[in-house]
Amino acid sequence: MFDKLLKRKEPPADAGRLSAILEEEVPAHIAIIMDGNGRWAKMRGLPRIAGHHEGMKTVRKITRLANQLGVEVLTLYAFSTENWKRPKTEVDFLMRLPEEFLSSYLPELVEENVRVTMMGSEDSLPPHTRNAVRKAIDETQDNTGLVLNFALNYGSRAEITDAVRELAVRVASGELTPADITEDHISDGLMTHSLPEPDLLIRTSGEERLSNFMLWQLAYTEFWFTKTLWPDFSSDCLMDAVEDYQRRSRRYGGLKGDGMT
Ligand code: IPE
Ligand code: IPE
Ligand code: MG
């Protein structure tokens, strides 16, 4: 709808750079807090929703590149449990975006072997949003390529609370004792139970906080922050983040191979 105002084209991802990245370890799971849509629009004198609309194109571009890079899971924070506090018109628009995105791109996702999943509370989503997402999940469930995991109406504290409540029920029924409870019990109770933990977390727009995103799962994730606003996040930005990840040393509290560092 704003496309006429915003004639922008991005060159295709640099093939040489792509193949150099592929020679090193690529993060299996990349999680992105897609932030800055509103500011992007405001800078152009446009309504905030124009930023959300433009951000959708970034989702498409980054999904394609992640797939090309052989990333196994791309988790995108699309709507938090706190985002309901925004004005109704903005929330309504955001709840229409999954339909719009999927009506344009679902055939492409199917063709590219992408499997769509969602984490978050489905129950309070409007039926039209829920149905669009369900359709995408159903139509792509047998795909074996990139898992495109949308965090939609997602809040990490609620997720952990639900997992703990479930364990409390099992303890109350005598199935488990408190002493039996391990970290795996908590991990298995989260919505990410079937996914690897994120290797790389990206947040755009200059904010450096988690905003209730994957608090448990990010314990040993590498963080990468950029001031770039989500609608401006390019293939080069993703490659910058992955290259930076490839230069890092993940120690998990231990020491690197030679025992010296
Ligand atoms: C991120 O952009 C998208 C959502 C949170 C839904 P914002 O809408 O938060 O944009 P800013 O942070 O206000 O610029
Ligand atoms: C986090 O961004 C949520 C999403 C990107 C969906 P917010 O814009 O809602 O976060 P705060 O309010 O700046 O922490
Ligand atoms: Mg924001």
Side-chain angles (χ1 to χ4, degrees), residues 1-2 5-6 8 29-63 66 73-102 105 116-122 124-126 128-130 132-133 136 148-160 190-192 198 200-218 221 223-234 237-238 241:
M1 128 182 60
F2 303 100
L5 280 165
L6 304 163
R8 305 186 317 142
H29 184 170
I30 300 179
I32 308 185
I33 303 177
M34 310 184 285
D35 199 13
N37 294 348
R39 277 164 282 172
W40 184 93
K42 194 172 171 215
M43 279 166 58
R44 288 161 177 76
L46 295 168
R48 290 178 56 83
I49 56 171
H52 296 313
H53 190 263
E54 192 67 14
M56 204 170 64
K57 297 182 199 161
T58 309
V59 171
R60 178 192 188 201
K61 181 171 63 193
I62 295 308
T63 302
V73 185
L74 177 66
T75 295
L76 299 177
Y77 203 7
F79 191 89
S80 77
T81 44
E82 288 71 37
N83 288 146
W84 296 107
K85 295 177 193 161
R86 296 188 179 196
K88 187 176 180 306
T89 47
E90 181 168 347
V91 169
D92 287 349
F93 186 84
L94 287 168
M95 288 297 146
R96 289 276 167 204
L97 269 191
E99 280 160 277
E100 198 186 331
F101 176 79
L102 292 165
Y105 302 135
V116 176
T117 60
M118 179 200 139
M119 63 175 190
S121 169
E122 264 193 38
S124 30
L125 293 175
H128 62 85
T129 313
R130 197 165 54 219
V133 176
L148 177 59
N149 180 37
F150 286 104
L152 192 59
N153 195 19
Y154 173 83
S156 181
R157 287 186 172 179
E159 179 190 33
I160 295 169
L190 302 178
M191 291 182 267
T192 46
L200 175 63
L201 171 84
I202 296 170
R203 183 167 185 153
T204 58
S205 90
E207 309 301 348
E208 300 190 354
R209 57 176 169 261
L210 292 180
S211 305
N212 202 12
F213 188 54
M214 299 184 97
L215 304 178
W216 175 276
Q217 298 90 334
L218 296 173
T221 301
F223 287 14
W224 194 83
F225 296 110
T226 175
K227 289 193 163 43
T228 303
L229 305 172
W230 179 248
D232 289 330
F233 191 81
S234 61
C237 294
L238 181 63

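Values below: every heavy atom of this structure, side chains too, minus hydrogens, waters and symmetry copies. Order of listing sets the numbers, starting from 1, for every ligand and every atom in it. Numbering of residues begins at 1 and proceeds along the displayed sequence.
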So which of Leu201, Thr75, Thr192 actually passes side-chain contact (heavy atoms from CB on, under 4.5 Å) with Gln217?
-> Thr192
Candidate pair Tyr154 and Met118, rule side-chain contact (heavy atoms from CB on, under 4.5 Å), full reasoning | CA-CA 9 Å; Tyr154 173 83; Met118 179 200 139; over 6 Å; no
Side chains of Leu215 and Arg157 in contact at under 4.5 Å (non-hydrogen atoms) = yes
From Asn212, Leu218, Leu210, residue fulfilling side-chain contact (heavy atoms from CB on, under 4.5 Å) relative to Met214 = Leu218
Closest non-hydrogen atom pair between Asp232 and Cys237, with its separation = O-SG, 4.5 Å
Within the structure, does Arg39 bring an N/O atom to less than 3.5 angstrom of an N/O atom in ligand 1?
-> yes
Can you check whether a protein heavy atom sits less than 4.0 angstrom from atom 12 (O) of ligand 2?
-> no
Ligand 2 contact by Arg209, heavy-atom criterion under 4.0 angstrom | yes
Consider ligand 1: state whether an atom of it lies below 4.0 angstrom from any non-hydrogen atom of Gly36.
-> yes
Take Thr81 and Asn153 through the side-chain contact (heavy atoms from CB on, under 4.5 Å) test and state the conclusion after the steps.
-> CA-CA 5 Å; Thr81 44; Asn153 195 19; 3.6 Å; yes
Answer yes or no: is there a side-chain heavy-atom contact under 4.5 Å between Leu94 and Glu90?
-> yes
Could you find the nearest protein heavy atom to atom 9 (O) of ligand 2 and give me its residue, atom name and distance?
-> Asn83 ND2, 2.9 Å
Nearest-neighbour protein heavy atom for atom 14 (O) of ligand 2, which is reported as residue plus atom name and distance | Ser211 OG, 2.6 Å
Hey, does Arg203 sit under 4.0 Å from ligand 2 if you only count heavy atoms?
-> yes
Under 3.5 Å between some N or O of ligand 2 and some N or O of Ser80?
-> no
May I ask you to identify, for Phe79, whether its side chain, its backbone, both or neither come under 4.0 Å of ligand 2 on a heavy-atom basis?
-> backbone
Decide whether the shortest distance between a heavy atom of Arg48 and an atom of ligand 1 is less than 4.0 Å.
-> yes
Where do Phe233 and Ile202 land on the side-chain contact (heavy atoms from CB on, under 4.5 Å) test, with the steps shown first?
-> CA-CA 11 Å; Phe233 191 81; Ile202 296 170; 4.1 Å; yes
Protein contact to atom 10 (O) of ligand 1 [nearest heavy atom, distance to 0.1 Å] | Gly38 N, 2.9 Å
Number the atoms of ligand 1 from 1 as they appear, then name those within less than 4.0 Å of a heavy atom of His52, with their elements.
-> 3 (C), 8 (O)
Of all protein heavy atoms, the one nearest atom 5 (C) of ligand 2 is Met34 O, 3.4 Å
What protein heavy atom sits nearest atom 7 (P) of ligand 2, and how far off is it?
-> Arg86 NH2, 3.8 Å
The Mg ion (ligand 3) -> Asp35, closest N, O or S atom is OD1
Against heavy atoms of Ile33, which atoms of ligand 2 measure under 4.0 Å?
-> 5 (C)
Rounded to the nearest 0.5 Å, the NZ atom of Lys57 sits from the CH2 atom of Trp230 at a distance of 14.0 Å
Check against side-chain contact (heavy atoms from CB on, under 4.5 Å), Asn83 and Val91 = CA-CA 8 Å; Asn83 288 146; Val91 169; 6.0 Å; no
Salt-bridged, Arg39 to Glu207, with N to O below 4.0 Å?
-> yes
Which protein non-hydrogen atom lies closest to atom 6 (C) of ligand 1, naming both residue and atom, and how far is it?
-> Ala78 O, 3.4 Å
